[in-house]
Amino acid sequence: MKFILVRHLKPDMPMQTRYTAREFNDALIQYNQSGISAYTPAHTGSHNYTFYCSRAHSSIETVTALFGNQNICVTSLLDEVPLTVNENTSGFYSFPTWQRKAFRQWKKSTDYSTETYSQTQKRASQVIEMLEKKGENAVLVSHTFFLSILLQLFKRKKYEITKPHLLSILYGDRIRVEPKTQRCGGCKHNCALNKPACEIGRDKALINRIELTSDTVNQKRF
């Protein structure tokens with residue numbers, strides 16, 4: 001079970017150097033409705049992967065551009081968070097700067113959003129639960145702020161995450177996510193607990209199964 005999280009490719013829309021708050025909100029509507037800029041397809045191996053993407057045109061077109069013609073499951077679960085800025089916010093900033101400001105305002109506010117931060121976290125949890133239940137390899141194409149929330153939840157669940165860029169998620173970035181392999185730490189080859197090859201590994205694997213069973217029982221009680 002492996003996942004590849006992809007930020008959609010750059011949308012095809014002209015950008016001003018600076019925007020007011022109202023101009024940014026108007027531009028954001030166009031941004032969310034745009035397809036991707038001209039892109040030379042660079043299809044990569046995608047055997048045995050299921051493809052999921054948000055409802056945005058840019059996400060759907062990104063799958064085709066990067067992975068060729070695929071059967072795609074389009075789902076609102078992967079839509080971007082509902083960004084807007086308060087139009088009374090002063091300033092004259094670039095589009096990415098307004099995006100960050102809008103994200104910070106959205107996280108703190110419940111007044112003008114169609115979806116709150118906690119609701120988005122629940123939506124991200126639904127995505128992970130769906131993937132874990134299906135137990136399949138999957139490619140997920142979404143948007144920068146939703147992906148950042150999704151990655152936080154994967155990290156809390158102890159998944160291994162490999163990002164091409166440490167501090168940001170750029171257009172077309174592919175982030176690899178997979179369950180962390182637990183190892184025994186007791187033999188020279190440090191065997192994985194899902195296939196223990198020594199007594200220490202078998203003992204630790206047994207303890208893990210007992211702890212997991214206990215946790216499941218306790219969760220059902222509450």
Side-chain angles (χ1 to χ4, degrees), residues 1-13 28-37 39 41 43-84 95-96 99-100 102-104 106-107 113-157 159-165 168-179:
M1 186 172 68
K2 298 179 181 180
F3 313 128
I4 301 174
L5 278 54
V6 183
R7 182 186 176 187
H8 63 80
L9 294 168
K10 186 176 181 179
D12 183 19
M13 66 168 285
L28 190 61
I29 295 172
Q30 182 183 353
Y31 179 89
N32 290 333
Q33 294 175 347
S34 297
I36 62 172
S37 300
Y39 184 84
H43 303 163
T44 57
S46 54
H47 301 295
N48 301 319
Y49 278 84
T50 302
F51 289 82
Y52 299 90
C53 72
S54 75
R55 295 177 294 178
H57 294 301
S58 56
S59 292
I60 298 169
E61 292 179 11
T62 293
V63 174
T64 304
L66 295 181
F67 302 98
N69 293 324
Q70 302 287 344
N71 292 322
I72 306 171
C73 178
V74 178
T75 172
S76 60
L77 288 175
L78 294 174
D79 284 356
E80 179 62 296
V81 303
L83 297 182
T84 54
F95 192 86
Q99 281 182 305
R100 291 190 291 271
F103 183 66
R104 288 194 293 270
W106 168 75
K107 284 183 71 174
S113 283
T114 55
E115 181 181 65
T116 65
Y117 181 58
S118 62
Q119 288 171 334
T120 301
Q121 286 182 310
K122 290 179 182 177
R123 176 158 63 91
S125 293
Q126 285 181 286
V127 172
I128 296 176
E129 288 169 6
M130 174 190 71
L131 295 172
E132 291 178 335
K133 184 177 180 180
K134 292 189 175 184
E136 61 190 4
N137 296 333
V139 174
L140 288 76
V141 181
S142 186
H143 310 262
T144 182
F145 295 112
F146 181 74
L147 286 176
S148 68
I149 293 170
L150 188 60
L151 284 170
Q152 289 175 3
L153 297 184
F154 272 123
K155 188 174 181 180
R156 287 181 201 166
K157 292 174 72 69
Y159 277 76
E160 291 182 340
I161 298 170
T162 305
K163 292 178 63 178
H165 301 95
S168 59
I169 306 174
L170 305 182
Y171 291 122
D173 269 357
R174 303 179 200 190
I175 303 165
R176 299 184 181 277
V177 179
E178 57 186 293

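Numbering of residues begins at 1 and proceeds along the displayed sequence.
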Please step through side-chain contact (heavy atoms from CB on, under 4.5 Å) for the pair Arg123 and Ile149, ending with a clear verdict. CA-CA 10 Å; Arg123 176 158 63 91; Ile149 293 170; over 6 Å; no

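- Of all non-hydrogen atoms in Ser34 and Met13, the two that sit nearest each other are OG-CB, 3.8 Å.
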Kindly indicate, with the supporting measurements, whether the criterion salt bridge (Lys or Arg N to Asp or Glu O under 4.0 Å) is fulfilled by Arg7 and Asp173. CA-CA 6 Å; Arg7 182 186 176 187; Asp173 269 357; over 6 Å; no

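- For Lys163, the NZ atom sits in a packed shell: over 12 heavy atoms of surrounding residues, nucleotides or ligands are nearer than 6.0 Å.
- Between Glu80 and Thr144, the shortest heavy-atom contact is OE2-N, 3.6 Å.
- For the pair Trp106 and Leu83, the tightest heavy-atom approach, listed with the atom from each and the gap, is CB-CD2, 4.4 Å.
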Begin from the C-alpha positions of Lys157 and Ile128 and carry the test side-chain contact (heavy atoms from CB on, under 4.5 Å) through to its verdict. CA-CA 10 Å; Lys157 292 174 72 69; Ile128 296 176; 3.6 Å; yes

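- Going from atom CD of Glu61 over to atom CD1 of Ile36 covers 5.5 Å, rounded to the nearest 0.5 Å.
- Without hydrogens or angle criteria, Ser168 side chain to Leu170 main chain gives no donor-acceptor distance under 3.5 Å.
- Side-chain atoms of Asp79 come within 3.5 Å of backbone atoms of Arg55 as a donor-acceptor pair (strictly under, hydrogens ignored).
- Between Val141 and Leu78 the shortest heavy-atom distance is O-CD1, 4.1 Å.
- Rounded to the nearest 0.5 Å, atoms CD (Gln99) and CZ (Arg104) are 11.5 Å apart.
- When side chains are defined from C-beta on, Cys73 does not count as touching Thr50, because their heavy atoms never get closer than 4.5 Å.
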Derivation and outcome, side-chain contact (heavy atoms from CB on, under 4.5 Å), residues Glu129 and Lys133: CA-CA 6 Å; Glu129 288 169 6; Lys133 184 177 180 180; over 6 Å; no

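- Within the model, atoms CG of Leu140 and CZ of Phe51 stand 10.5 Å from one another, a figure rounded to the nearest 0.5 Å.
- Considering all non-hydrogen atoms of both residues, Pro179 and Met1 come closest at CD-O, 3.1 Å.
- Below 30°, between 30° and 60°, or above 60°: for Tyr31 and Phe95 the angle between ring planes is between 30° and 60°, a tilted geometry.
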For the pair Lys155 and Ile161, evaluate side-chain contact (heavy atoms from CB on, under 4.5 Å) and give the outcome as yes or no after the intermediate values. CA-CA 7 Å; Lys155 188 174 181 180; Ile161 298 170; 4.1 Å; yes

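- For Glu132, the side chain to side chain donor-acceptor pair (under 3.5 Å) partners at least two apart in sequence or on another chain are Tyr159.
- In summary, the aromatic rings of Phe154 and Phe3 are positioned with their centroids under 6.0 Å apart.
- To the nearest 0.5 Å, atom CD of residue Gln126 and atom CG of residue Leu150 are 12.0 Å apart.
- Counting only N and O atoms by type, the side chains of Ser54 and His143 include a donor and acceptor under 3.5 Å apart.
- Distance check, rounded to the nearest 0.5 Å: CG of Asn137 to CD of Glu178 gives 9.5 Å.
- Between the Ser142 side chain and the Leu147 main chain, no donor and acceptor come within less than 3.5 Å of each other.
- In this structure, the side chains of Leu66 and Val6 come closer than 4.5 Å at one or more pairs of heavy atoms.
- The minimum heavy-atom distance between Thr62 and Leu9, with the atom names listed, is OG1-N, 2.9 Å.
- Tyr52 OH to Gln70 CD: the interatomic distance, rounded to the nearest 0.5 Å, is 13.0 Å.
- The backbone N or O of Gln30 lies less than 3.5 Å from no partner atom in the side chain of Gln33, so there is not a single donor-acceptor pair.
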